[in-house]
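This report concerns only the one structure given below.
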Amino acid sequence: MDNTFLIKLLLLQCVFVLSKAQDFDFFYFVQQWPGSYCDTKQSCCYPTTGKPAAEFGIHGLWPNYKDGTYPSNCDPNNSYDQSKISDLISQMQNDWPTLACPSSSGSTFWSHEWDKHGTCAESILDQHSYFKSALNLKSQIDLLQILQSAGINPDGGSYSLSSIKSTIQSATGYTPWIECNSGGDGNKQLYQIYMCVDSSGSNLIECPVFPNGRQCGSSIEFPSF
């Protein structure tokens, strides 16, 4: 066996491993309610651009496998480069704001999302396409409007988990997964809403599997922001 053949074989194996590392079945598109993020014991910090609008904000677009596992940090050689999404920054500041402390412009948040999740979809979506896809999904799924149209308002009141799910399902045609967190008073509150998207990052689908996360009770609080 000559050296040239061995080199080619090793290169093919590397390509195969890389392609498997970037392979995935679907995305979770996750939006979070800022009032619930901030109404915790650790609280929150508004971004340097000011208090975000009282709207659901993007948390991320996360590649996942149908067995419930997910890839992460798939390509350390393709790190976040904000110059590639310069035309999207204004919209991202509105639709994908950071609430982490200390206050920041959002670039640290977006960098984390790309490096951990986006690189695992780079065989399909480059950096610009990845962030643009998430923004497009946000514009398609106006969760606050959907909920308010059914009388479910961020007023600090409690609403049944089943009514929240059925309202979103009726409006979008697909079943959401609801994640709760604990408010400052210890009550379970509406925190994040997951919708599933096909591997192109464009079309809603029924979730092949729901995530394991913080569970909700039958009645949950929808805090103001």
Side-chain angles (χ1 to χ4, degrees), residues 27-64 68-70 72 93-104 106 108-113 116-117 134 137-138 141-172 174-197 207 209-225:
F27 289 102
Y28 284 128
F29 177 59
V30 186
Q31 296 187 62
Q32 65 182 13
W33 179 246
S36 299
Y37 185 105
C38 293
D39 183 21
T40 59
K41 290 181 180 179
Q42 72 231 34
S43 191
C44 69
C45 293
Y46 297 155
T48 52
T49 50
K51 183 180 179 179
E55 297 278 354
F56 281 88
I58 298 170
H59 185 170
L61 185 62
W62 304 338
N64 272 260
T69 63
Y70 62 91
S72 64
Q93 288 172 337
N94 289 327
D95 294 344
W96 202 327
T98 179
L99 290 166
C101 296
S103 295
S104 70
T108 300
F109 183 21
W110 307 327
S111 175
H112 168 79
E113 290 300 310
K116 182 175 181 179
H117 301 288
L137 289 165
K138 171 73 168 65
I141 311 167
D142 188 338
L143 290 174
L144 184 60
Q145 183 182 52
I146 288 169
L147 292 172
Q148 288 186 315
S149 68
I152 300 171
N153 299 297
D155 53 11
S158 292
Y159 299 90
S160 72
L161 177 62
S162 60
S163 66
I164 292 171
K165 283 184 176 179
S166 62
T167 295
I168 296 170
Q169 184 174 19
S170 295
T172 64
Y174 298 94
T175 307
W177 191 81
I178 310 297
E179 179 182 0
C180 290
N181 68 357
S182 295
D185 56 5
N187 288 343
K188 293 293 185 181
Q189 55 188 9
L190 177 61
Y191 176 42
Q192 297 197 132
I193 297 177
Y194 292 61
M195 303 296 295
C196 289
V197 180
C207 288
V209 62
F210 289 118
N212 292 317
R214 286 168 281 191
Q215 299 295 316
C216 302
S218 59
S219 180
I220 57 178
E221 188 177 325
F222 195 1
S224 60
F225 180 64

- S149 side chain vs I146 backbone, donor-acceptor pair below 3.5 Å: yes
- Where do I164 and F222 land on the side chain to side chain contact (heavy atoms under 4.5 Å, CB included) test, with the steps shown first? CA-CA 10 Å; I164 292 171; F222 195 1; over 6 Å; no
- Using atom types as modelled and distance alone, determine if a side-chain donor or acceptor of Y174 lies under 3.5 Å from a backbone N or O of C207. no
- Task: Show your working on disulfide (SG to SG under 2.5 Å) between C44 and C101 and close with a plain yes or no.
- Result: CA-CA 6 Å; C44 69; C101 296; over 6 Å; no
- Item | CG/D185: more than 12 non-hydrogen atoms of other groups inside 6.0 Å | yes
- Query: Could you state the interatomic distance from CD (Q189) to OG (S158), rounded to the nearest 0.5 Å?
  - Reply: 10.0 Å
- Message: Looking at every heavy atom in both L61 and A134, which two are closest together, and how far apart are they?
- Response: CD2-N, 4.2 Å
- L144 side, atom CG; N153 side, atom CG - distance, nearest 0.5 Å: 8.0 Å
- Item | Heavy-atom pair with the smallest gap, counting every atom of S163 and S166 | O-OG, 3.2 Å
- Item | Distance (rounded to the nearest 0.5 Å) between E221 CD and S36 OG | 8.0 Å
- Task: Could you walk me through whether M195 and L137 pass the side chain to side chain contact (heavy atoms under 4.5 Å, CB included) test, one step at a time?
- Result: CA-CA 10 Å; M195 303 296 295; L137 289 165; over 6 Å; no
- Task: Could you pull out the closest heavy-atom pair between W96 and G60, with the gap in Å?
- Result: CZ2-CA, 3.9 Å
- Message: Measuring only between side-chain heavy atoms, which start at C-beta, is T98 closer than 4.5 Å to T108?
- Response: no
- Query: Do L190 and I152 have side-chain heavy atoms sitting under 4.5 Å apart?
  - Reply: no
- Message: Is the shortest side-chain heavy-atom distance between E55 and D142 below 4.5 Å?
- Response: yes
- Task: Inspect the surroundings of CD in Q148 and state if more than 12 heavy atoms from other residues, nucleotides or ligands are less than 6.0 Å away.
- Result: yes
- Atom of V209, atom of Y28 and distance for their closest heavy-atom approach: O-OH, 2.6 Å
- Message: If you count every heavy atom of other residues, nucleotides or ligands that lies below 6.0 Å from Y70 atom OH, does the total exceed 12?
- Response: no
- Residues that E113 engages under salt bridge (charged side-chain N to carboxylate O under 4.0 Å, His left out), provided they are two or more places apart: none
- For the residue pair W177 and P211, establish whether any side-chain heavy-atom pair is separated by less than 4.5 Å. yes
- Task: Flag the pair K116 / S72 as yes when at least one side-chain heavy-atom distance between them is below 4.5 Å, and no otherwise.
- Result: yes
- Item | Least distance between heavy atoms, P154 atom then P223 atom | CB-O, 3.5 Å
- Message: Could you measure the distance from the OG atom of S218 to the OH atom of Y159? Nearest 0.5 Å is fine.
- Response: 15.5 Å
- Task: For side chain to side chain contact (heavy atoms under 4.5 Å, CB included), just list the numbers for F29 and K138, CA-CA rounded to whole Å, side-chain angles, deciding distance to a tenth of an Å, and then say yes or no.
- Result: CA-CA 9 Å; F29 177 59; K138 171 73 168 65; 4.1 Å; yes
- Task: Report the relative orientation of the aromatic rings in F225 and W33; use parallel for angles under 30°, tilted for 30 to 60°, perpendicular for over 60°.
- Result: perpendicular
- Task: Evaluate side chain to side chain contact (heavy atoms under 4.5 Å, CB included) for I141 paired with I193, printing each intermediate quantity in order.
- Result: CA-CA 11 Å; I141 311 167; I193 297 177; over 6 Å; no
- Give the ring-plane orientation class for W62 versus Y194, where under 30° counts as parallel, over 60° as perpendicular and anything between as tilted. perpendicular
- Query: Which distance, rounded to the nearest 0.5 Å, do you find between the OH of Y191 and the CG of D39?
  - Reply: 12.0 Å
- Item | N/O donor-acceptor pair under 3.5 Å between E179 side chain and Q192 backbone | no
- Note on the structure: Scanning both residues in full, the closest heavy-atom pair of L99 with P47 reads CD2-CD, 4.5 Å
